[in-house]
Amino acid sequence: MNAFSIGQFVRRPEFGAVLSFVAVIAFYVAFGGVSLGALFGAASWVNFAANLGIVALPVGLLMIAGELDISIGAMIPAGSMSIAILSGYYDLPIVIGMLGALAFGVLVGLANGFLAVRTSVPSLIITLGTLVAVQGLVLAGSVILTAAASVPLDAPAWAKTVFGQLILGKFQVIILWWLALTVIFGFVVHATRYGNWIFAMGGDEVSARNAGIPTKRLKIALFVLSSTAASFVGMCGAILFNSAQVSGGMNYIFNTIVSIVVGGVLLTGGFGSVAGIFLGALTFAVVNQGIYFTDIDRNWSNLIIGVMLMAAVLMNNTFRRMALSFVPKKKK
C-alpha cells in the first residue's frame, strides 16, 4: 500500500471509529479480564447498538447537514404509546397502530423541519421545545385516554415476527432492521446526489442553495426521517415487550449524539459517513454494556465509561487532524 492510499484511508471519517472500537475492546481485555468469546456471543450490547443505531443514522445525517434533533428523546416513548393506545387499549388492528405511531413521527418531523427552515431559531432550541411539548402531550394524552401511564399491548404473531421477535431467544429482530437501514442509508448518502447535497448543505448552506440544491426540502426530509426513526424504535419496543410507558427515551439523546461523534461526524457539519455512524453505535454499545462482562468493580463503571468515551472522541479528533494535515511525498 503506497503513501497516498494510506493517507486516503486515514482521511476516511470512520477511521477514528475503527480505532476507537479496537481500543475499547483492547482495554476491556487487558484491564477487565473480559473474554472475547463471551462478549461477542452476548446479545445485550448488540441489541443496545441496534436500537441506538437506527436512531443515530438519520440524526447523524442531520448533524452532517449542520442541524441537530434532540426531540428523539420524546419520540421513542411517543411511538410506543401511540401503538399501545391504538392497538392495545382501543383494540384497533395492529397495522392501524403502527401507522399511527409512524404518522406521529412524520408530523413531529414536519413541525421541526418547517420551524427550522422558516425561522432563524437554531434547531437545538426548536427540538428542545418539541421534546418538552411531546413529553407533555404523551403523558397528558395517555392519562386522559387510558387513565394510566402504562398500556399493555398484545401484538399478533406476524407483527411479533417482523418487529418484536427474539432470534435464537436473545437477539432482537430489530438488529436486521438496523443492518438493512445502514445499507440503504449508505447507498443513498454515498452513491446518489442526495448525499452530495447533504454534505454540501453542511459545509455551506448558502452556497448549496445558490447552487440549486433544495436545502429547505432536504432539511425537512431529514427531520422527518429522524423523528420517524425514533418513533419506529419505540414501536418495535412496545411490540417486543408487550407494553408501553410514557417514560424512557431521554438517555437516547446523549447516547445518540456521543455515538455519532465517536463515529467521526463533526458537530459543525459537513463531515462524516454512514459507516462511521454505524461503528460509533457499536463502540458506544460495547463501552456501555461491556463493563458488565469484566471483573471491574461496578462502582467505577460510570467513571470508566465516561473516560473511555472521552478518549474515543479525542482519538477520533486527533487522527482526523493528522489525516487532514497529511501530505503525501511526491514521487521522484
Side-chain angles (χ1 to χ4, degrees), residues 21 25 28 34-58 72-73 75-89 91-102 105 150-185 228-252 255-256 259 277-294:
F21 182 76
I25 298 295
Y28 279 145
V34 68
S35 167
L36 289 179
L39 179 62
F40 288 114
S44 59
W45 69 275
V46 185
N47 293 334
F48 183 92
N51 286 273
L52 176 64
I54 289 179
V55 180
L57 284 171
I72 54 174
M75 288 310 304
I76 291 174
S80 62
M81 287 300 295
S82 295
I83 187 173
I85 291 174
L86 291 173
S87 298
Y89 186 80
D91 202 28
L92 294 174
I94 194 68
V95 174
I96 301 299
M98 290 188 292
L99 291 176
L102 297 178
S150 178
V151 181
L153 173 67
D154 185 16
W158 72 265
K160 276 282 192 182
T161 301
V162 177
F163 301 103
Q165 178 185 192
L166 287 178
I167 303 173
L168 301 178
K170 59 180 181 178
F171 294 100
Q172 296 177 16
V173 72
I174 201 172
I175 295 172
L176 300 181
W177 282 97
W178 178 40
L179 296 176
L181 288 172
T182 298
V183 173
I184 294 172
F185 273 70
T228 306
S231 185
F232 175 79
V233 169
M235 180 193 79
C236 291
I239 294 175
L240 173 64
F241 298 112
N242 301 314
S243 66
Q245 295 182 341
V246 296
S247 60
M250 292 300 291
N251 287 338
Y252 272 85
N255 296 350
T256 300
S259 64
I277 297 170
F278 177 86
L279 289 169
L282 275 180
T283 302
F284 186 91
V286 172
V287 171
N288 191 274
Q289 300 292 311
I291 189 74
Y292 302 107
F293 295 88
T294 70

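Throughout, residue positions are numbered sequentially from 1 according to the sequence presented. These numbers come from the heavy atoms of this one structure, side chains and all, not from hydrogens, waters or symmetry mates.
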Find the distance between [atom1] ([X]) and [atom2] ([Y]) and round it off to the nearest 0.5 Å.
X	Y	atom1	atom2	answer
Leu86	Ile96	CG	CD1	8.5 Å
Asp91	Leu153	CG	CG	10.0 Å
Asn242	Lys160	CG	NZ	3.5 Å
Ile174	Leu179	CD1	CG	11.0 Å
Cys236	Met98	SG	CE	9.5 Å
Leu279	Ser259	CG	OG	11.0 Å

Worked verdict on Leu39 versus Ile25 for side chain to side chain contact (heavy atoms under 4.5 Å, CB included): CA-CA 9 Å; Leu39 179 62; Ile25 298 295; 3.7 Å; yes
Audit row: Leu240, Leu166, side chain to side chain contact (heavy atoms under 4.5 Å, CB included) steps and yes/no: CA-CA 8 Å; Leu240 173 64; Leu166 287 178; 4.1 Å; yes
Student check: side-chain heavy atoms of Trp177 and Val162 closer than 4.5 Å: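 Trp177 vs Val162: side chains touch.
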Check: Phe185 and Ile277 side chains under 4.5 Å, non-hydrogen atoms: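 They are not in contact (no side-chain heavy atoms under 4.5 Å apart), so the answer is no.
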Closest approach of [X] and [Y], non-hydrogen atoms and distance?
X	Y	result
Gly53	Trp178	CA-NE1, 3.4 Å
Ala229	Pro58	CB-CG, 3.6 Å
Ala43	Lys170	CB-O, 3.3 Å
Thr182	Phe278	OG1-CD1, 3.5 Å
Val287	Tyr28	O-OH, 2.7 Å
Ala244	Ala238	CB-CB, 4.2 Å

Ser87 (side chain) donor-acceptor with Pro93 (main chain) under 3.5 angstrom: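 Judged by distance alone, yes, a pair lies under 3.5 Å.
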Parallel, tilted or perpendicular, as decided by the 30° and 60° cut-offs, for the rings of Phe40 and Trp45: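 Taking Phe40 first and then Trp45, their aromatic rings stand perpendicular (interplane angle over 60°).
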Whether Trp158 and Phe163 hold their rings parallel, tilted or perpendicular, with breakpoints at 30° and 60°: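 Perpendicular.
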Side chain to side chain contact (heavy atoms under 4.5 Å, CB included) between Ile167 and Leu176, worked out: CA-CA 10 Å; Ile167 303 173; Leu176 300 181; 3.8 Å; yes
